[in-house]
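The sequence lines fix the lettering, A, B, ..., with proteins before strands; numbering per chain opens at 1. Below, all heavy atoms of this structure are taken into account, side chains as well, without hydrogens, waters or symmetry copies.
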Amino acid sequence: MWDLIFNPLVTLLTWLYSIFGNNIVLAIVALTVIIRALTYPLTAQQQRSAKKMQELQPELKKIQEKYKDDREKLGQAQMELYRQGGVNPLGGCLPLLVQFPILIGLYQAIYFALANSPFQMVDLSERLLIPGLSSLIPLNHIWLGMDLTQPPTPPLNPVYALALPALVMVTTYLQFKVSMPQQTAGVNDQAAAMNRSMGTMMPLMFGFFALSFSVGLSVYFIVSNILGIAQYSGPGKRLLERVFGDGKPKKNDEPLSEITIKPITSPSSPNEPKPSPKATSKKKSR
Amino acid sequence: MKPSHPQKRLSFILIVVVLAWLVSACAPTRIGVSWGALSEVEVYGQKGVLIAYNQYVSVLDPASGVVVALRDAEGRERLDENGNRRTWAIDGHSFENAQFFARPALIEENDMQTLLFPAYTDRLLKVTLDTARIDDIKGVTIGGPLIADMAEDEGRFYVALKSGDVIALEKPLLIEDWRYNTENGIWAQPLLHEGVLYVVSIDHTLHAVDAETGETVWSEPVDLKGVAAATPLFYDGNLYVGSYSNTLYKIALSGNILGEYVAKNWLWSTPVEYEGVLYIADLSGYVHAIDPTSMTAIWSVKVAEKGIRPSPLVTEDVVIVASRDGRLYWLNRTDGALIFTREIEGRPEILSELMLVEANSEQGLIDDMVVVSTVNMSHLVVAYTLDNGRAAWVYAR
């Protein structure tokens, strides 16, 4: 099943290698840009979903307080809130799930295309869907004195190759920073705590991958992160605000439209006090 | 009870760790860089099957698949301090993580037999045949990883490196005599014919090198239009060599290309000549019988689901091939018709060259055997009878 993803990507990468004058780094950059562009609708949807969820946090907090002793009603109220807000609670996860195999496929493609041992080469033999591309094998895997097929650690690569895992960590952190919706003070501390954990774990995790896997994959991680940063942050000043800001909304943030929470009624408890039909919330903006 | 923040945080970290593990698990994981090498050795006057794969080397009894016991001068089995029988096995972990993917060469000096092992870890290691001992852990440093078998003549060993060098080492001291460089790696044993080494490189070329001086014989190497990773065959005055351009080339000893045969996919094995016909398999699972004069197919049949890496094993009646799909196929030699198949449990990839072990009644080996090595340690070596494909034994490491 994975071959359906891997093989076209390996073929595309090898073709791009020939287009870019047998330069594998340019081919990796181009392939990453293409994949980022193709998955843009998914990442954009994920971004929108995350933003909407963030906007609903104050209301969600109120509902949680209100129905803290009745899980059934809490669930109903949350679903009603999501419905009114036009939010699909899975809207943030599904695009991510769809992208995950593509991302794995992408770095597997780099691994396969940079085959440099008999084992890797035999794996490559049935992956090139355009026969003429075989004449390009083995791809030139030396770039700036680094062997792209080897991990960045000496003696497999020069000491300066260790800059790549560092760059992977930095760019992963920056991408994470700019992609996270800003937090409303005091709202959903659990989510904020999770975000903080993730902000620490993700760069470490990808730094570990970059140290363990080949340099070619580090190039992919860095390019992908830079594109992600550009996608999530926009122009330079906004990028700096997102990275170095305190994560809280600014005074001049625009108020968003209001959402009215309809009362939750249950046939089993007709006398349940109803939430005020006028309960409204000023939603925060970015 | 609702989980507290620290609990949720811990759960989250666990999820991230599991995710990281999943991503790592999705990365291709191969053990080592190449596949095992089978060869025949004689230990204590008995034939044995030597398997070299990654850190492990063992000699097996071809009749039973059991690792041969080490014996003392009186022929008694040697025992370790716990009373267990000692066996002919080498663990590269004890020798600076030496890895082995190539066949050893036999050195006989002063009535002592030594196996000279090309190790992936940049060196040649000497193993005393009777004791399976490596006295010099450092061995002979070569300066690059070794995947290919060595070639030799009376005066020298010719060692081809993964980095692209060919080195001539003078016997018996293994002193470097000359070094020849190709632009990329060498994964196949050089062919030595009448004082000339024919060396294929993954830089798409075939080189002819004077074995005495290390100087190039041809003005230019032959362009094979694709990676060349199999030893050429010398037959009837010409060279036959396949490449990843899907093409089997017929090349004169002068370096001129005389003919081509185009297969369905990459060719990664040496063709086998039998009664004037060349047999070769490709990485689409096709087997081809080729007339070497006209370089046209006598027959060409799709046999396996996946690619066939090793050379066919050809006998008077059958052509036997082993595939990445974990099966062996017995074909009729005259028309390529499938006679029967045998499947190895779990269908592990078979990438190593096949080995024919002839019957030897003195050793209790009644039938001729086909021995194969897989990439799965639980079926590292598997033996079948040649005639009817009966599973004889399995060696698991």
Can you say whether [X] sits under 4.5 Å from chain A via the side chain, the backbone, both, or neither, judging by heavy atoms?
{"X": "B:Ile147", "result": "side chain"}
{"X": "B:Lys306", "result": "both"}
{"X": "B:Asn184", "result": "side chain"}

Which heavy atom in [X] sits nearest to a heavy atom in [Y], and how many Å separate them?
{"X": "A:Asp123", "Y": "B:Arg324", "answer": "OD1-NH2, 3.1 Å"}
{"X": "A:Glu126", "Y": "B:Leu283", "answer": "OE2-O, 3.3 Å"}
{"X": "B:Trp187", "Y": "A:Ser117", "answer": "CH2-C, 3.4 Å"}
{"X": "A:Met121", "Y": "B:Trp266", "answer": "O-CZ3, 3.4 Å"}

Based on non-hydrogen pairs under 4.5 Å, which of B:Lys162, B:Arg309, B:His204 is most in contact with chain A?
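Of B:Lys162, B:Arg309, B:His204, B:His204 has the most heavy-atom pairs under 4.5 Å with chain A.
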Return yes when atom CD of B:Glu260 has more than 12 non-hydrogen atoms of other residues, nucleotides or ligands closer than 6.0 Å, and no otherwise.
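Yes.
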So for A:Leu204, is it side chain, backbone, both, or neither that comes closer than 4.5 Å to the heavy atoms of chain B?
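For A:Leu204, there is no contact with chain B at all, as no heavy atom is under 4.5 Å.
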Contact origin within A:Leu128 toward chain B - heavy atom pairs under 4.5 Å:
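It is the side chain, since no backbone atom gets that close.
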Suppose a student defines contact as a heavy atom less than 4.5 Å from any heavy atom of chain B. Which residues in residues 130-151 of chain A would they list?
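Checking residues 130-151 of chain A against chain B gives A:Ser134, A:Ser135, A:Ile137, A:Pro138.
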